[in-house]
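Both ligands and their constituent atoms are indexed starting at 1 by order of listing.
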Amino acid sequence: MGFKEGFLWGGATAANQCEGGFDEDGRGLANVDVCPTGADRNAVITGKMKMYECDENHFYPSHKAIDMYHHYKEDIKLFAEMGFKVYRMSLAWSRIFPKGDEKEPNEKGLAFYEDVFKTCKMYNIEPLVTITHFDCPMHLIKEYGGWRNRKMIDFYLNYCRTIFKRYKGLVKYWLTFNEINMLLEAPFMGAGICFEEGENEKQIKYQAAHHELIASAMATRIAHDINSENKVGCMFAAGSVYPYTCKPEDVWEATKKDRESYFFIDVQSRGYYPSYALKEFERMGINIEKEEFDDEILKNNTVDFISFSYYNSRCAAKTVSKDNIAEGNIFESVKNPYLKYSEWGWPIDPLGFRITLNHVYDRYQKPLFVVENGLGAVDTLDENGYIEDDYRIDYLREHIKAMRDAVTIDGVDLMGYTMWSPIDLVSAGTGEMKKRYGFIYVDRDNEGNGTFKRKTKKSFYWYKKVIETNGENID
Ligand code: BG6
């Protein structure tokens with residue numbers, strides 16, 4: 001017994017990392033367009049350095065990305081060749097509402113995605129749509145301060161209503177916010193927030209989180225009202241946190257770290273703030289401003305399924321020395337001595353994937369969807385221009401095996417798996433092109449040179465076989 005029939009195999013991308021066309025057909029400027037590559041990127045995405053306009057001293061990779069805006073037909077055709085059942089993608093909010101607070105949408109933006117969905121349908125590929133994947137119209141940030149402002153809920157819901165109505169019959173799977181817990185680590189990228197000197201950052205972040213949680217719950221209700229077939233999921237950056245040792249202090253540290261991420265999903269899935277968070281807010285003097293019906297909104301509009309990204313497990317200790325830190329999907333963690341590391345220093349832990357799937361399922365008992373998992377690596381073309389990316393195949397094979405164990409041995413209810421990313425695209429963390437994830441190579445480099453030509457890698461044919469056999473033949 002393997003994966004269930006109809007298991008949704010596919011791949012995932014995000015608009016700002018692949019589309020390009022950042023100022024075409026009326027699209028407005030977004031936070032993701034002012035995040036440069038290079039040394040300043042981290043300060044910008046974390047809201048420490050205010051960059052509200054582009055300047056000539058920086059390179060902004062989202063502007064052209066891999067030009068999927070003009071290549072989507074070719075790209076979706078390649079996804080179909082691999083046998084994709086589902087394609088997870090995001091909409092650029094500012095393509096549909098260029099400023100964000102307009103009443104009426106930009107028809108050209110809506111028409112673009114309509115054609116993307118129709119192209120998917122032509123190949124029997126089900127779209128899974130992230131409503132916002134780290135993007136927010138710049139105007140909403142300049143004018144209202146991003147998600148720190150409650151008014152954002154109305155702008156977001158106007159956008160949601162528009163897309164749910166327009167794409168009724170074309171899209172039924174929706175994710176409200178990509179990696180909602182990333183707001184804590186990368187507040188500018190995650191929620192359009194920059195900090196002023198002396199501000200209470202925690203207070204601002206959790207208030208913004210409250211706004212996003214209300215927006216997500218309301219969007220779930222609207223999605224169901226507009227089409228009862230709609231299924232709405234939450235999405236978080238997962239990866240269970242291990243204690244560095246069995247010392248109770250380390251175990252406690254790991255529990256606390258896990259809760260930082262689970263906090264969001266506890267609210268979205270259970271419908272109320274968990275008691276550990278309320279106590280913590282009290283201790284820290286964090287005061288969440290709520291409106292009269294907020295608790296009811298959260299309670300009555302929980303998600304239909306839970307999705308997450310998994311790249312690596314994490315590790316925590318009570319005392320950490322500076323030279324014992326590992327990189328990871330934005331979150332740093334203590335270096336786990338039992339694991340191997342990727343070229344970007346991310347731990348590689350397939351069993352950790354099974355552990356995470358079990359932890360999340362045990363906690364929520366709702367269907368899960370893995371919407372990101374993959375390996376960022378340097379690819380080199382051989383003398384024939386071919387890429388033998390066995391390292392990527394190895395990573396994915398071991399992770400898919402672990403996922404299969406979680407499903408077949410442990411009984412986790414899993415809807416599908418969209419690997420990140422079927423096609424090379426711009427890295428969210430570093431802005432690099434060199435950090436490649438794809439089954440499809442794109443001729444584009446870190447400095448913006450290249451022809452955008454697509455080329456299949458060895459892993460393309462391997463994944464095709466995985467899908468053909470519903471995950472049975474993965475060697
Ligand atoms: C997730 C994001 O955090 O990880 C993606 O949802 C991102 O947008 C992916 O690309 C991989 O991270 P990175 O930094 O290697 O691009």
Side-chain angles (χ1 to χ4, degrees), residues 10-19 30-33 35-38 41-42 44-46 61-62 65-66 68 87-93 128-136 175-191 212 233-239 261 264-265 306-314 326-333 341-348 353 356 369-379 391-392 395-396 399 417-438 442 444 446:
T13 62
N16 77 87
Q17 293 171 257
C18 64
E19 279 179 8
N31 57 340
V32 284
D33 303 323
C35 297
T37 52
R41 186 173 182 87
N42 199 264
V44 174
I45 68 176
T46 53
S62 78
I66 58 159
M68 210 192 235
Y87 169 38
R88 174 185 174 224
M89 50 170 284
S90 78
L91 308 180
W93 186 347
L128 162 61
V129 174
T130 319
I131 297 170
T132 159
H133 190 124
F134 296 151
D135 68 325
C136 177
L175 303 178
T176 50
F177 289 89
N178 180 62
E179 295 191 335
I180 190 163
N181 52 329
M182 209 52 104
L183 183 162
L184 301 178
E185 310 295 323
F188 182 69
M189 194 165 73
E212 289 197 356
C234 54
M235 175 348 178
F236 77 116
S261 301
F264 294 87
I265 311 307
I306 291 162
S307 79
F308 62 85
S309 60
Y310 175 86
Y311 291 91
N312 49 263
S313 58
R314 293 183 285 146
E327 296 294 325
N329 184 17
I330 307 270
F331 305 91
E332 279 181 349
S333 104
Y341 288 81
S342 78
E343 285 167 288
W344 269 264
W346 293 20
I348 299 177
F353 190 21
T356 302
F369 206 137
V370 174
V371 294
E372 284 186 37
N373 168 241
L375 177 75
V378 176
D379 288 329
Y391 37 90
R392 183 167 295 108
Y395 176 98
L396 293 169
H399 282 77
Y417 172 84
T418 57
M419 67 74 74
W420 183 270
S421 146
I423 186 162
D424 293 345
L425 38 59
V426 173
S427 154
T430 68
E432 290 166 292
M433 265 310 297
K434 197 177 164 193
K435 190 180 188 190
R436 296 177 182 274
Y437 281 89
V442 179
R444 176 85 171 161
N446 280 356

With atoms numbered from 1 as shown, which atoms in ligand 1 lie under 4.0 angstrom from a non-hydrogen atom of [X]?
X: Gly429; result: 13 (P), 14 (O), 16 (O)
X: Tyr437; result: 11 (C), 12 (O), 13 (P), 15 (O)
X: Asn178; result: 6 (O)
X: His133; result: 2 (C), 5 (C), 6 (O), 8 (O)
X: Ser427; result: 13 (P), 14 (O), 15 (O), 16 (O)

So, for [X] and [Y], which heavy atoms are closest and what is the spacing to 0.1 Å?
X: Asn16; Y: Ala65; result: O-CB, 4.2 Å
X: Ser62; Y: Asp33; result: OG-OD1, 2.8 Å
X: Leu91; Y: Asp135; result: O-OD2, 3.7 Å
X: Val32; Y: Phe134; result: CG1-O, 3.1 Å
X: Ala237; Y: Ser309; result: CA-OG, 3.3 Å
X: Ser307; Y: Cys234; result: OG-O, 2.7 Å

*Identity of the nearest option to atom 6 (O) of ligand 1, non-hydrogen atoms only, from Arg436, Met235, Glu372, Lys435*: Glu372
Can you find an N/O atom of [X] closer than 3.5 Å to an N/O atom of ligand 1?
X: Ser309; result: no
X: Thr430; result: no
X: Met182; result: no
X: Trp346; result: no
X: Ala428; result: yes

Return yes if a side-chain donor-acceptor contact under 3.5 Å exists between [X] and [Y], otherwise no.
X: Arg41; Y: Thr430; result: no
X: Gln17; Y: Trp420; result: no
X: Ser427; Y: Tyr437; result: no

*Is Phe134 near ligand 1, meaning one of its heavy atoms is under 4.0 Å from it?*
yes
_Can you tell me which portion of Leu425 lies within the under-4.0 Å heavy-atom range of ligand 1? Options are side chain, backbone, both, or neither._
neither
